[in-house]
Number of protein chains: 2
Amino acid sequence: MGQVRVHVGANLGAVTADDEVKWLDSDEMTAWLRLIAVAERLPGVLDTQLRRDSGLTHYEYQVLAMLSDAPNRTLRMTQLGRETNATLPRLSHVVKRLEGRGLVARTVAPDDKRANDATLTDAGWEVIVAAAPGHVQTVREHVLDPLNGRQVAALSEALGAILTKVDPKGDAPQDRRGAGTD
Amino acid sequence: MGQVRVHVGANLGAVTADDEVKWLDSDEMTAWLRLIAVAERLPGVLDTQLRRDSGLTHYEYQVLAMLSDAPNRTLRMTQLGRETNATLPRLSHVVKRLEGRGLVARTVAPDDKRANDATLTDAGWEVIVAAAPGHVQTVREHVLDPLNGRQVAALSEALGAILTKVDPKGDAPQDRRGAGTD
DNA sequence: CGAGTTTAGTTGTAACATCAACCAAGAACA
DNA sequence: TGTTCTTGGTTGATGTTACAACTAAACTCG
């Protein structure tokens with residue numbers, strides 16, 4: 001019967017008894033393979049640069065970045081977890097390590113004693129300020145530069161649609177500029 | 001001086017002495033935040049479903065899928081690593097585990113005695129055939145369904161451009177259908 | 001107010017990934 | 001023919017993440 005493609009299940013239909021499956025057509029498959037490829041390779045690129053130049057993983061960078069942007073440089077752990085697209089256990093471990101390095105401090109929330117607030121320390125601030133330019137540079141180089149304005153918008157639109165499924169609660173962070181006021 | 005956004009380094013320019021940095025504008029930031037969010041959350045979604053229904057991680061699925069699609073259900077380790085967007089050590093460990101479970105077999109390549117060929121066993125074939133429909137369903141649900149045809153094409157185009165930077169050697173797999181012959 | 005439930009978070013452990021070190025086979029070349 | 005370099009891969013240590021179990025605080029409601 002010959003070739004069968006199951007990357008995600010291209011025309012495995014010939015093999016499975018399940019005719020209810022709507023396999024991917026060629027365009028869909030191309031898009032999907034590219035999405036996986038980017039999702040798998042991009043983190044490595046980011047981690048490598050940040051590690052080398054700033055001693056941070058990309059996830060640690062995100063934690064510090066979100067805090068740096070929060071009022072009072074402080075965020076509830078749960079909220080921080082949402083904004084960094086991570087599970088709470090993961091965040092908890094990472095913040096513990098960052099606390100050990102003096103980049104973040106944790107305090108019990110005054111209004112809710114089970115909750116914890118994470119705050120960026122001055123040392124943490126300095127680390128992220130130092131790390132940001134190189135990171136931006138990497139992001140430009142690997143994702144924004146190869147795209148023209150139209151493509152950036154189209155990418156953004158498509159990813160936004162995917163996020164409604166992958167992040168139904170809308171936890172992922174958004175650019176909130178435009179309120180302009182500094 | 002007020003708010004500063006460093007997700008990737010929005011207008012941290014006010015703080016850093018470095019005026020050479022071209023920070024992200026609002027559209028770029030939106031696209032970037034969404035890309036990270038998808039890249040971070042999607043693997044979890046895929047892993048959860050595959051794990052629950054088929055006892056495979058998404059990476060293991062990819063390994064089996066690429067083999068299932070290869071001539072003779074066999075691929076050189078190096079090539080398999082490229083096609084699954086992974087480093088060789090990672091692949092090596094995973095294939096060892098898959099071999100232990102009887103889903104893959106490794107043999108020294110006849111033409112080059114340092115090389116290793118990984119082959120999908122019959123048991124492995126059955127596993128992937130059983131896993132594919134549920135996986136396709138998940139992919140549809142979370143990424144393809146929320147997109148219309150135009151958006152799929154646009155996403156594909158943008159990701160293709162990014163891949164030229166993130167995967168300059170073009171190792172990531174491509175849909176090779178259209179040769180139509182089975 | 002007290003029993004049950006939900007929310008917030010931590011922790012231990014097991015699975016997994018990364019990294020550096022290593023080895024063997026082949027290629028280049030002197 | 002014997003060095004040296006490169007390629008193809010494995011392995012073990014070390015670090016990170018996921019999952020499940022757990023604690024404690026806060027709500028809910030009879």
Side-chain angles (χ1 to χ4, degrees), chain A residues 39-52 55-63 74-101 104-119 169 171, chain B residues 39-63 74-101 104-119 169 171:
Chain A
E40 293 269 1
R41 290 175 188 263
L42 191 53
V45 171
L46 302 175
D47 278 336
T48 299
Q49 181 271 322
L50 279 170
R51 255 209 133 133
R52 174 169 42 82
L56 295 171
T57 64
H58 181 232
Y59 184 70
E60 290 168 341
Y61 181 95
Q62 287 183 83
V63 169
T74 297
L75 239 29
R76 198 60 51 100
M77 286 294 278
T78 306
Q79 182 61 20
L80 187 52
R82 285 197 271 258
E83 296 198 1
T84 55
N85 306 294
T87 60
L88 221 27
R90 180 184 185 186
L91 176 65
S92 183
H93 283 131
V94 170
V95 166
K96 182 160 57 174
R97 289 193 294 259
L98 290 174
E99 192 176 32
R101 291 161 64 182
V104 167
R106 267 183 304 184
T107 52
V108 173
D111 58 315
D112 183 344
K113 284 179 193 158
R114 17 179 215 173
N116 256 319
D117 288 332
T119 305
K169 288 187 253 162
D171 289 334
Chain B
E40 293 270 1
R41 290 174 189 264
L42 192 53
V45 171
L46 302 175
D47 277 336
T48 299
Q49 181 271 322
L50 278 171
R51 222 108 218 198
R52 173 169 41 81
D53 297 344
S54 311
L56 294 171
T57 64
H58 181 231
Y59 184 69
E60 289 169 340
Y61 181 94
Q62 287 183 83
V63 168
T74 297
L75 240 29
R76 195 63 47 103
M77 287 295 277
T78 306
Q79 181 61 19
L80 187 51
R82 284 196 272 259
E83 295 198 2
T84 55
N85 306 293
T87 60
L88 222 26
R90 181 184 184 186
L91 176 66
S92 184
H93 282 131
V94 170
V95 166
K96 182 161 56 176
R97 289 193 294 257
L98 289 174
E99 191 176 33
R101 291 161 64 182
V104 167
R106 269 184 302 185
T107 52
V108 173
D111 57 315
D112 182 346
K113 283 179 194 160
R114 23 182 208 170
N116 256 320
D117 288 331
T119 304
K169 288 187 254 162
D171 289 334

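Order of the sequence lines sets the chain letters (A, B, ...), proteins ahead of strands, with each chain counted from 1.
- As judged by a 4.0 angstrom heavy-atom cut-off over every strand, Ser92(B) is placed among the base-contacting residues.
- Checking dT17(D), dA13(D), dT10(C) against the side-chain heavy atoms of His93(A) singles out dT17(D) as nearest.
- A sub-4.0 Å separation between OP1 or OP2 of dG8(D) and a side-chain N or O of Lys113(B) is absent.
- With respect to Glu40(A) and Arg90(B), a salt bridge is recorded, a charged nitrogen being found less than 4.0 Å from a carboxylate O.
- The phosphate of dA17(C) has OP1 or OP2 within less than 4.0 Å of a side-chain N or O from Arg97(B).
- Counting heavy atoms from C-beta on, the side chains of His93(B) and Leu88(B) never come closer than 4.5 Å.
- Here dT18(C) presents its C1' atom at 16 Å from CG of Leu46(A), a figure rounded to the nearest Å.
- Here dA24(D) presents its C1' atom at 14 Å from CG of Leu88(A), a figure rounded to the nearest Å.
- Nucleotide dG15(D) holds its P atom 13 Å from the CD atom of Glu60(A), rounded to whole Å.
- Contact annotation: Arg51(A) reaches the phosphate of dT16(D) (side-chain N/O to OP1 or OP2, under 4.0 Å).
- As judged by a 4.0 angstrom heavy-atom cut-off over every strand, Asp112(A) is placed among residues touching the sugar-phosphate backbone only.
- For Asn116(A) and dT10(C), the shortest distance from a side-chain N or O to OP1 or OP2 is below 4.0 Å.
- Taking a cutoff of 4.0 Å between a charged side-chain nitrogen and a carboxylate oxygen, Glu60(B) and Arg51(B) do not qualify as a salt bridge.
- Between the C1' atom of dT7(C) and the CG atom of Leu80(A) lies a distance of 17 Å, rounded to the nearest Å.
- Following rounding to the nearest Å, Asp47(B) (CG) and dA18(D) (P) show an atom-to-atom distance of 9 Å.
- The shortest distance between the side-chain N/O atoms of Arg114(A) and the OP1/OP2 oxygens of dC22(D) is not below 4.0 Å.
- Note on Lys96(B): a side-chain N or O is less than 4.0 Å away from OP1 or OP2 of dT11(D).
- Rounded to whole angstrom, the span from the CG atom of Asp117(A) across to the C1' atom of dA8(C) amounts to 12 Å.
- Nearer the 5' end of DNA chain D, as judged by each residue's closest nucleotide, is the contact made by Arg106(B), out of Asp111(A) and Arg106(B).
- If you measure from atom CZ of Arg90(B) to atom P of dT14(D), you get 22 Å, rounded to the nearest angstrom.
- When the C1' atom of dA15(C) is taken as reference, atom CG of Leu50(B) falls 16 Å away, rounded to whole Å.
- Positionally, the nearest nucleotide of DNA chain C for Ala115(A) lies more toward the 5' end than for the other of Thr48(A) and Ala115(A).
- Between Asn85(A) and Arg41(B), the side chains place a donor N or O and an acceptor N or O closer than 3.5 Å (distance only, hydrogens not considered).
- A salt bridge is absent between Asp47(B) and Arg52(B); no separation between the charged side-chain nitrogens and carboxylate oxygens falls under 4.0 Å.
- Across all strands, Thr57(B) comes closer than 4.0 Å only to sugar-phosphate atoms, never to a base (heavy-atom distances).
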